[in-house]
Amino acid sequence: MLCRLCPRNCGALRTETAGEGVCRMPAVPLVARAALHHWEEPPISGRKGAGTVFFSGCSLGCVFCQNEAISQRDFGVPVSVPRLRALFWELIEQGAHNIDLVNPTHFAHAIAEALKEPLPVPVVWNSGGYDKVETLRMLEGKVDVYLPDLKYVTPALAGRYSAASDYPMAAQAAILEMVRQTGPCVVEDGLLKRGVVVRHLILPGQVREAKAVMDWVAEHFAPGEVLFSLMGQYIPWGRAAEFAELNRKPRPSELRTAEEYMTALGLEGFAQDAASAEAEYIPPFDLTGVVRREGPPED
């Protein structure tokens with residue numbers, strides 16, 4: 001395939017075994033982990049956990065990515081479309097409240113095929129927000145909940161930290177399309193069944209950008225139409241040490257100021273506290289749930 005799935009529009013050749021594009025991925029999905037996950041927003045994780053499937057590769061280049069072992073170093077194994085659908089069912093059988101597709105953008109073609117038949121739980125599209133409207137329309141009716149980042153609204157910051165100065169325009173257009181597809185959030189029995197949750201990770205020294213992101217959300221959506229997740233889990237990771245301004249955690253005062261602004265704007269949603277900014281909350285990417293492991297021989 002000559003790929004134009006994401007806003008890069010690079011037209012790269014992606015074969016069954018290799019990819020030449022920005023994401024570096026073949027046409028066949030690479031998956032690094034498939035397991036219940038309890039650290040998403042409360043109405044997504046619920047009591048039993050979200051059924052997360054972590055995809056390898058990425059079309060962004062975030063210097064601080066906490067999942068860089070899979071997003072930038074490409075750890076993972078190839079999974080056919082039938083096996084991908086089987087992973088969904090294995091997670092459902094474990095009690096997953098939903099199927100949570102993490103960093104799925106560059107495998108949208110395979111995911112759409114795997115979702116031709118509906119699942120009995122909501123499907124969550126958990127992306128960096130760098131999605132293409134035309135690609136999202138391939139997924140209409142197949143995805144119930146969109147969980148995009150809105151990392152920046154300033155092109156210069158997006159270029160410096162994620163190698164994508166067009167990120168704000170692309171992500172904003174994508175979020176508007178996501179809300180068009182799902183409509184307002186629907187929560188039943190404490191679980192999100194339909195809707196959009198916009199996430200923003202506060203970077204150190206970037207409270208002004210966090211406020212600008214929240215301003216955009218407040219200007220475009222009525223109260224409660226979308227939920228907003230203010231994430232305080234940033235720790236220096238990946239290449240962050242190469243950028244002096246990113247080589248620290250956000251200060252408690254920065255998190256507090258951002259949370260107060262969120263409240264003042266009337267945004268409904270969630271705010272993480274500083275306790276979430278620890279490496280222990282980064283999942284182990286060890287092929288859990290992807291590769292069948294043989295147990296000890298029975299007596």
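The first residue of the sequence shown is numbered 1, and numbering continues consecutively from there. Just so it is clear, the model here is predicted, and its values are computed rather than measured.
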Does the side chain of K132 come under 3.5 Å of the side chain of N9 through a donor N or O and an acceptor N or O?
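Their side chains do contain a donor-acceptor pair, which is all the 3.5 Å distance test asks for.
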Side chains of Y234 and Q206: any donor to acceptor distance under 3.5 Å?
no
Compare all side-chain heavy atoms of [X] with those of [Y] and state whether any distance is below 4.5 angstrom.
X	Y	value
F88	V123	no
R33	P283	yes
M178	S127	yes
I44	H97	no
V77	L287	yes
V63	E242	no
L265	K211	no
L5	R8	no

Classify the ring geometry between H37 and W39 as parallel (under 30°), tilted (30 to 60°) or perpendicular (over 60°).
perpendicular
Is any side-chain N of the basic residue among [X] and [Y] closer than 4.0 Å to the acidic one's carboxylate O?
X	Y	result
K193	D144	no
E140	R180	yes
E134	R137	no
E117	K142	no

What pairs of residues pass the salt bridge (Lys or Arg N to Asp or Glu O under 4.0 Å) test when at least one of them lies in residues 71-85, not counting sequence neighbours?
R24-D74, E68-R73, R83-E90
Which atom pair, heavy atoms only, marks the closest approach of [X] to [Y]?
X	Y	value
P104	I111	CB-CD1, 3.4 Å
T135	R4	OG1-O, 4.3 Å
P250	I202	CG-O, 3.5 Å

Contact list for residues 214-228, test side-chain hydrogen bond (donor to acceptor under 3.5 Å, both in side chains), sequence neighbours left out:
D215-Y261, W216-H220
Looking at [atom1] of [X] and [atom2] of [Y], how far apart are the two atoms once the value is rounded to the nearest 0.5 Å?
X	Y	atom1	atom2	result
F221	F228	CZ	CZ	11.5 Å
H200	S229	NE2	OG	11.0 Å
L60	H106	CG	NE2	10.0 Å
D166	Y130	CG	OH	3.5 Å

Under the criterion salt bridge (Lys or Arg N to Asp or Glu O under 4.0 Å), I'd like the reasoning laid out for E40 against R199: C-alpha separation, chi angles, the key distance, then a yes or no.
CA-CA 11 Å; E40 305 288 31; R199 286 173 157 177; 2.6 Å; yes
Residue pair R256, E259: steps toward the salt bridge (Lys or Arg N to Asp or Glu O under 4.0 Å) verdict
CA-CA 5 Å; R256 185 169 59 251; E259 186 173 350; over 6 Å; no
Is there a ring pair (Phe, Tyr, Trp, His ring centres under 6.0 Å) between Y152 and Y167? Walk through the geometry before answering.
CA-CA 7 Å; Y152 325 91; Y167 175 92; 5.6 Å; yes
Checking side-chain contact (heavy atoms from CB on, under 4.5 Å) between V79 and each of V28, V290, L30, which is the one that passes?
V290
Counting only N and O atoms by type, is there a donor-acceptor contact under 3.5 Å from the side chain of Q272 to the main-chain atoms of E41?
no
